[in-house]
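Below: the structure, in structure tokens.
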Protein chains: 2
Amino acid sequence: MVSIKDVAALAGVSDRTVSRVVNGEGLIRPKTKKKVQKAIETLGYVPNQAARLMRTSRSSVLGLITDVVSTTPFSTDIVRGIQDALDDTPYTLLTVNTSADPAKEQRAWKIFREHGIGGVFYVTMFHRHVPRDTEFPSTPTVLVNCSAPDQALPSIVPDDYQGGLDAVRHLVEQGHRKIAYVVLNELILAADLRGRAFFDGLAAAGIEVRKEWIVPGRVGAIFADKLVAFENARRILDNPDRPTAVVCGNDEIALQVYCAATDLGLRVPDDVSIIGFDDFQVITTGIQPPLTTMALPYRDMGALAVRMLLDIIAGHPPKKKHVEYRCELVIRNSVSPPK
Amino acid sequence: MVSIKDVAALAGVSDRTVSRVVNGEGLIRPKTKKKVQKAIETLGYVPNQAARLMRTSRSSVLGLITDVVSTTPFSTDIVRGIQDALDDTPYTLLTVNTSADPAKEQRAWKIFREHGIGGVFYVTMFHRHVPRDTEFPSTPTVLVNCSAPDQALPSIVPDDYQGGLDAVRHLVEQGHRKIAYVVLNELILAADLRGRAFFDGLAAAGIEVRKEWIVPGRVGAIFADKLVAFENARRILDNPDRPTAVVCGNDEIALQVYCAATDLGLRVPDDVSIIGFDDFQVITTGIQPPLTTMALPYRDMGALAVRMLLDIIAGHPPKKKHVEYRCELVIRNSVSPPK
DNA sequence: CTGAAAGCGCTAACAC
DNA sequence: GTGTTAGCGCTTTCAG
């Protein structure tokens with residue numbers, strides 16, 4: 001390994017001076033600087049982060065804890081947002097997947113301590129509350145897509161309620177009054193928020209809720225649940241008195257509702273309008289007609305998480321500890337006025 | 001930071017002894033060991049990896065370079081395979097995304113050198129050859145989903161040819177002789193391999209190729225290409241003399257072919273059989289009927305990559321430098337004999 | 001503006 | 001079985 005000393009020897013200066021050049025510290029005569037830079041180049045020197053960390057105990061590495069997010073297709077955009085934002089910084093990511101297993105999560109935190117990590121992004125696949133008994137070490141941490149009890153830790157989540165409300169409003173504005181809802185796994189916080197928005201949205205429009213048109217799209221324990229949207233949607237739609245529009249818990253469910261409609265010979269959006277949630281592109285731009293959906297602001301959430309964490313590390317805790325990020329409607333072709 | 005010395009002081013032994021206990025080295029009297037372990041516990045000591053690395057220059061961190069794989073939904077299972085296999089080892093992953101940008105790739109390698117990383121997984125989203133001029137440092141490296149010129153580096157790829165062949169065979173066995181092919185972006189190696197298999201598979205069955213039934217599903221530069229499978233598939237299928245089965249370049253394309261079929265009022269699989277490629281679950285188990293597809297062995301490839309890299313680091317270079325991993329057909333309900 | 005000395009936490013090498 | 005000494009590459013502190 002070529003060290004700062006080798007560079008110093010070649011440049012004919014002391015090692016301290018090389019260190020100054022590398023870190024852009026203090027005032028250095030341009031000539032000296034050039035000499036050093038040349039030596040660095042010819043030797044192919046790169047600083048040793050381990051040594052630097054040992055001396056300064058300021059790490060250039062941040063930790064990324066995910067339950068399953070980075071190995072699951074849905075919320076990868078959060079990670080992408082974090083990664084992209086980190087590109088403009090000197091930080092790198094040490095990533096650990098826990099599969100939502102508390103033991104692995106413990107290990108993750110231990111690994112982070114061993115590496116003297118500067119801060120941690122704690123990202124979950126589903127918008128949810130973190131269990132009360134979860135222990136967070138004192139390392140600067142930002143929660144993404146989840147929040148801590150009493151908001152003890154800074155957190156960034158999507159505004160699922162607003163998103164749900166705007167989705168319903170969009171349908172109402174198009175003239176729909178017969179609206180069904182195929183629900184996300186009800187154990188998920190997002191389902192709760194979007195569900196309340198659905199009821200409130202209908203109420204605000206003076207539309208009565210048809211209970212038989214509210215059906216589950218996914219049932220069972222989280223991470224082990226089953227898609228049942230197809231059968232349930234098919235049952236609702238296979239009836240002369242059927243909804244003219246369906247709100248879907250997410251795009252995956254929307255795909256099944258879409259299949260149920262076409263299976264019955266119904267056309268989207270002429271016979272049924274469908275609106276999704278997430279803007280999971282493989283589905284939304286993959287099916288025909290492309291799906292109108294409520295986009296989750298994952299990339300922006302990731303980018304904000306980076307800004308927040310770096311601020312905290314720099315000693316500037318955010319004024320707003322809990323941020324709810326707005327969801328934007330993406331209008332494509334799966335919604336039209338009812339006939 | 002609590003160090004080995006603090007532990008030593010509390011346990012009333014020398015720091016070297018603590019080190020031995022921590023690393024399970026040499027013979028130590030059970031009593032001493034217990035004392036040390038207790039001190040470790042009460043102080044909450046964790047070893048400082050930076051210090052360890054400095055001393056031994058053996059890192060507990062491996063690097064993961066991806067083009068877009070970990071921020072894109074398709075090949076995340078490779079990363080999942082790697083992560084899961086790493087769970088049983090003392091290694092952690094430092095991840096860098098390059099967006100297939102050579103400048104970022106350079107930076108990634110520099111970062112890895114700075115951290116004295118032990119080895120690198122170089123993972124690409126599409127099965128492809130790495131450009132001739134790509135520079136790989138001397139760090140132990142395993143390529144996954146891609147291969148180097150002259151196989152200069154160990155690599156693990158899926159056997160797309162075998163997969164393509166088996167897909168066609170499956171259709172032929174079901175009695176199909178009128179088979180169309182909606183092609184993956186032809187710039188991708190996988191498209192080439194699967195395409196050759198398609199031709200060879202038909203030839204082996206004595207079926208003549210209908211050129212007009214071979215159409216692109218994606219066109220344009222990689223990472224900026226456009227899905228055109230829907231229109232193209234629709235054109236082929238909207239004809240009394242139409243194929244009874246369609247081989248799809250991947251599952252995304254299969255989804256579009258499926259939409260094209262239902263758009264024309266055709267039923268899958270009664271009127272058209274569809275076979276996909278990848279086993280991208282959101283699609284394959286999301287649509288109705290669930291999609292028969294050729295699964296890409298991503299998780300296994302990831303797991304094998306871990307074994308290979310650890311072997312190389314341990315000084316046991318693999319006998320087989322280039323591994324082609326078998327693709328397995330996953331039979332669901334989108335294929336049936338032609339009417 | 002530049003250099004010298006010290007020490008971060010750990011383990012290799014050697015002693016006892 | 002256990003302890004001592006030294007040094008990995010860097011930056012902090014202090015001197016010049």
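Per chain, numbering begins at 1; letters A, B, ... match sequence-line order.
In this structure, B:T32 reaches the D:dT2 phosphate: one of its side-chain N or O atoms is under 4.0 Å from OP1 or OP2. When the side-chain nitrogen and oxygen atoms of B:R29 are compared with OP1 and OP2 of D:dG1, none of them lie within a distance under 4.0 Å. B:T17 has a side-chain polar atom (N or O) that falls below the 4.0 Å cut-off from OP1 or OP2 of D:dG3. Between B:R58 and D:dC8, a side-chain N or O to OP1/OP2 separation shorter than 4.0 Å is absent. Contact annotation: B:T56 does not reach the phosphate of C:dT11 (side-chain N/O to OP1 or OP2, under 4.0 Å). Within the structure, a side-chain polar atom (N or O) of A:N23 is placed less than 4.0 Å from OP1 or OP2 of D:dT11.
Contact check on B:D311 versus B:K319 returns no salt bridge, with no Lys/Arg side-chain nitrogen under 4.0 Å from an Asp/Glu carboxylate oxygen.
When every heavy atom of B:K104 is checked against every heavy atom of A:D87, the shortest pair comes out as NZ-OD2, 2.7 Å. Closest non-hydrogen pair, A:N145 versus A:P158, comes out as OD1-CD, 3.3 Å. When all heavy atoms are compared, the tightest approach of B:Y91 to B:L310 is CE1-CD2, 3.4 Å.
Rounding to whole angstrom units, CD of residue A:E25 and C1' of C:dG3 are separated by 14 Å. One can place CD1 of B:I4 at 11 Å from P of C:dG9, the figure rounded to the nearest angstrom. Rounding to whole angstrom units, CZ of residue A:R16 and C1' of D:dC14 are separated by 11 Å. B:D15 places its CG atom 14 Å from the P atom of D:dA6, with the value rounded to the nearest Å. Rounded to whole angstrom, the span from the CD atom of B:Q49 across to the C1' atom of C:dT11 amounts to 13 Å.
Residues A:F136 and A:Y122 place their aromatic rings such that the two centres sit under 6.0 Å apart.
Closest approach to the A:S19 side chain among D:dG9, D:dT4, D:dT11 is made by D:dT11 (side chain taken as heavy atoms from C-beta onward). Of the candidate nucleotides C:dT2, D:dC10, C:dT11, C:dT2 has the atom nearest to the side chain of A:I28. Residue B:S14 has its side chain nearest to D:dT4 when only D:dT4, D:dG9, C:dT11 are considered.
Taking the nucleotide of DNA chain D with the nearest heavy atom to each of B:R55 and B:L27, the more 5' of the two is matched to B:L27.
Atom CD of residue A:E25 and atom OG1 of residue A:T17 lie 11.0 Å apart, to the nearest 0.5 angstrom. For the atom pair CZ (B:R113) and CG (A:N48), the distance works out to 11.0 Å, reported to the nearest 0.5 Å.
A donor N or O paired with an acceptor N or O is found under 3.5 Å between the base of D:dG3 and the side-chain atoms of B:R20.
Overall, the helix from C:dC1-D:dG16 to C:dC16-D:dG1 carries an axis bend of 30° between its ends, with five pairs at each end and the value rounded to 10°.
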